[in-house]
Amino acid sequence: MTVVDDLTTPAASADPFAVLRALREGDPVHWSEAHRAWLITRYDDVSAAFQNKAFSNDRVRPVLERRKQAGAESAATGVLGLMTGWMVVNDPPVHTRLRKLAAGAFKGQRIAAMDAMITRIVDEHLDAFLRGSGPQDLISEVAYPLPATVIATMLGAPPEDRDRFREWSDELALVAFGTGGAARADRHERALRGLREMESYFHTLIEKRRAEPGEDMLSALMAAPSSEGDDRLSDDELVGMCALLLFAGHETTTNSIANSVLALLRHPDQLDRLRRDPALIGPAVEELLRFDGPIKVLNRWVVAETEVRGKAIRPGERVHLVLASANRDPEKFADPDALDLGRSPNPHVAFGKGIHACIGAQLARMETRIAVARIVERLPGLTLAEEPEWKDVLASRSMEKLVVTHS
């Protein structure tokens, strides 16, 4: 059968759910020539794939090796080389060790203690937003700068460096999240330059924290957990963790906040429901993550032959686990295209699942929860001023702007 399978077209970027519904119903394990990868779109299959050892998260190294074998030394290979040590693109035992060493910095009580700090930062951005008038972009003014400020504060970096954090994250996003035809031609060169600047910056910051440890997350990452004996992260591994926290924590949190606000504005009954019952914000955020989360697709590299719904998937191929489709699967969620802030249970996979589930999920939830709650409370007259334009990227679900008015 013929189906639309290019998830980076303008139409599919603006509304991927119709395209994904057709794939899920007609060919749920589909080979896409557009992406040169398998698209897995049903919830049960995506969920099982997270446990399938044939699907490797070590997906950067094979691409790098192919480029090197072809003699394609370039800025792209430079970017890939710098990313190969990151925890999220490694499998056990490398991933297991790095995650254990990082776990102490992401302890629940440490994240919970950031509540007041995040609330203060959100309110500072909203104060500035409220001083404006007429149509304004909620992304550039609130959703975009917030996570960069939070991450800079968490790492003990000077707040004035947050603009550099944002620039580095943006350059990496162009490469890591995949793009459509409008991708900037020099994206690899810019990403490589940004990565090198970022690595140099974090090496300097590590030396400062080694001399003067603080209560920040970088100091916590530098301390060896007692359960791991003398093992600790090397300086290069610390830099990788900082880079990962910056990149993964910035783009996705921005998208999560922006997509949540847009969903509420398009469903005024649910927005009114949240305004009447602010205590609903916890389950509301879970539903907003399910309904239109920040990540559409997670990539896996096939390392052993396997089968999904009768389709043979072979080593050397790629698989795209389509979270945006799994979270709208009617076999798992009743009335999945409806936004129901009180939905329970809500076993969405917006943050992945299994050993590679997002280590920063609690922080992302907290930032989204606080930001959405404060926006709803402090901007009672919030109205969508123009229809948003969506970026034509494969992996992330992100808007160019979210222009609103308030009273």
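- Between Asp163 and Arg166 there is a salt bridge, with a side-chain nitrogen of the basic residue lying less than 4.0 Å from a carboxylate oxygen of the acidic one.
- Within 6.0 Å of atom NZ in Lys311, more than 12 heavy atoms from other residues, nucleotides or ligands are found, so the atom counts as buried in its surroundings.
- Classification of Glu189 and Arg193 as a salt-bridged pair fails, no side-chain N sitting under 4.0 Å from a carboxylate O.
- Salt-bridge formation is detected for the pair Arg210/Asp235: a Lys NZ or Arg NE/NH1/NH2 atom is positioned less than 4.0 Å from an Asp or Glu carboxylate oxygen.
- Looking at His250, its side chain does come within 3.5 Å of a backbone N or O of Tyr144 through a donor-acceptor pair.
- Between the side chains of Asp161 and Tyr201, at least one donor N or O lies within less than 3.5 Å of an accepting N or O.
- No side-chain heavy atom of Leu146 sits under 4.5 Å from any side-chain heavy atom of Thr253.
- Atom OG in Ser169 sits 8.5 Å away from atom CE in Met198 (nearest 0.5 Å).
- A salt bridge links Arg273 to Asp340: one of the charged nitrogens lies within less than 4.0 Å of a carboxylate oxygen.
- More than 12 heavy atoms of other residues, nucleotides or ligands sit less than 6.0 Å from atom CD of Gln51.
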Check the pair Glu212, Arg209 against salt bridge (Lys or Arg N to Asp or Glu O under 4.0 Å), reporting the backbone distance first and the verdict last. CA-CA 5 Å; Glu212 300 177 7; Arg209 285 292 157 267; 5.3 Å; no
Going through the distances and angles, do Asp337 and Arg21 end up as a side chain to side chain contact (heavy atoms under 4.5 Å, CB included)? CA-CA 10 Å; Asp337 293 324; Arg21 186 184 308 113; 3.2 Å; yes
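- Between Asp216 atom CG and Leu205 atom CG the span is 7.5 Å, to the nearest 0.5 Å.
- A cation-pi arrangement is present between Arg328 and Phe291, with the terminal nitrogen or guanidinium carbon under 6.0 Å from the aromatic centre and inside a 45° cone about the axis.
- Heavy atoms from other residues, nucleotides or ligands lying under 6.0 Å from CD of Glu307 number more than 12.
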Can you check salt bridge (Lys or Arg N to Asp or Glu O under 4.0 Å) on Glu387 and Arg266, steps first, answer last? CA-CA 11 Å; Glu387 282 299 308; Arg266 286 180 166 170; 2.5 Å; yes
In sequence, state the C-alpha distance, the side-chain angles, and the governing distance for Asp127 and Arg131, and then conclude on side chain to side chain contact (heavy atoms under 4.5 Å, CB included). CA-CA 7 Å; Asp127 288 343; Arg131 287 194 288 270; 4.0 Å; yes
Applying side chain to side chain contact (heavy atoms under 4.5 Å, CB included), run through Asn327 and Val349 and close with a yes or a no. CA-CA 7 Å; Asn327 284 333; Val349 287; 3.5 Å; yes
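- Here the CG atom belonging to Leu384 is positioned 6.5 Å from the CG atom belonging to Leu402, to the nearest 0.5 angstrom.
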With salt bridge (Lys or Arg N to Asp or Glu O under 4.0 Å) as the criterion, how do Asp91 and Lys53 come out once you've worked through the C-alpha distance, each side chain's angles and the decisive distance to 0.1 Å? CA-CA 9 Å; Asp91 288 329; Lys53 292 183 179 180; over 6 Å; no
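- Surrounding CZ of Arg196 are at most 12 heavy atoms belonging to other residues, nucleotides or ligands under 6.0 Å away.
- Asp45 places no side-chain N or O within donor-acceptor distance of the main-chain N or O of Thr41, the cut-off being under 3.5 Å.
- With contacts defined as side-chain heavy-atom distances shorter than 4.5 Å, the pair His125/Pro145 qualifies.
- Remark: Arg290 is positioned above the aromatic ring of Phe333, its terminal NZ or CZ atom under 6.0 angstrom from the ring centre and at most 45 degrees off the axis.
- Rounding to the nearest 0.5 angstrom, the gap separating the CZ atom in Arg99 from the CE atom in Met87 is 5.5 Å.
- In this structure, the side chains of Arg343 and His348 stay at 4.5 Å or more apart for every pair of heavy atoms.
- Here the options are Asp269, Leu288, Asn259, the test is side chain to side chain contact (heavy atoms under 4.5 Å, CB included), and the partner is Leu264; only Leu288 passes.
- Side-chain contact between Trp301 and Asp58 is absent, with no heavy-atom pair separated by less than 4.5 Å.
- Ring to ring, Phe202 and Phe165 are close: their centroids are under 6.0 angstrom apart.
- For the side chain to side chain donor-acceptor pair (under 3.5 Å) criterion with Gln136, the lone passing option out of His406, Lys401, Glu141 is His406.
- Note that CG of Leu39 is 8.5 Å distant from CG of Leu20, once rounded to the nearest 0.5 Å.
- Checked for salt-bridge contact, Lys332 and Asp329 miss the test: no charged N lies under 4.0 Å from a carboxylate O.
- For the 3.5 Å distance criterion, the side chains of Ser396 and Lys391 fail to qualify, holding no donor opposite an acceptor.
- By the 4.5 Å heavy-atom criterion applied to side chains, Phe106 and Gln362 are not counted as neighbours.
- No more than 12 heavy-atom neighbours from other residues, nucleotides or ligands sit within 6.0 angstrom of CD on Glu389.
- With no hydrogens or angles considered, a side-chain donor-acceptor pair links Asp5 and His30 at under 3.5 Å.
- Distance check: Met117 CE to Thr149 OG1 gives 10.0 Å after rounding to the nearest 0.5 Å.
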What do the steps show when you test Leu221 against Glu237 for side chain to side chain contact (heavy atoms under 4.5 Å, CB included), and what is the final call? CA-CA 10 Å; Leu221 284 168; Glu237 289 169 342; over 6 Å; no
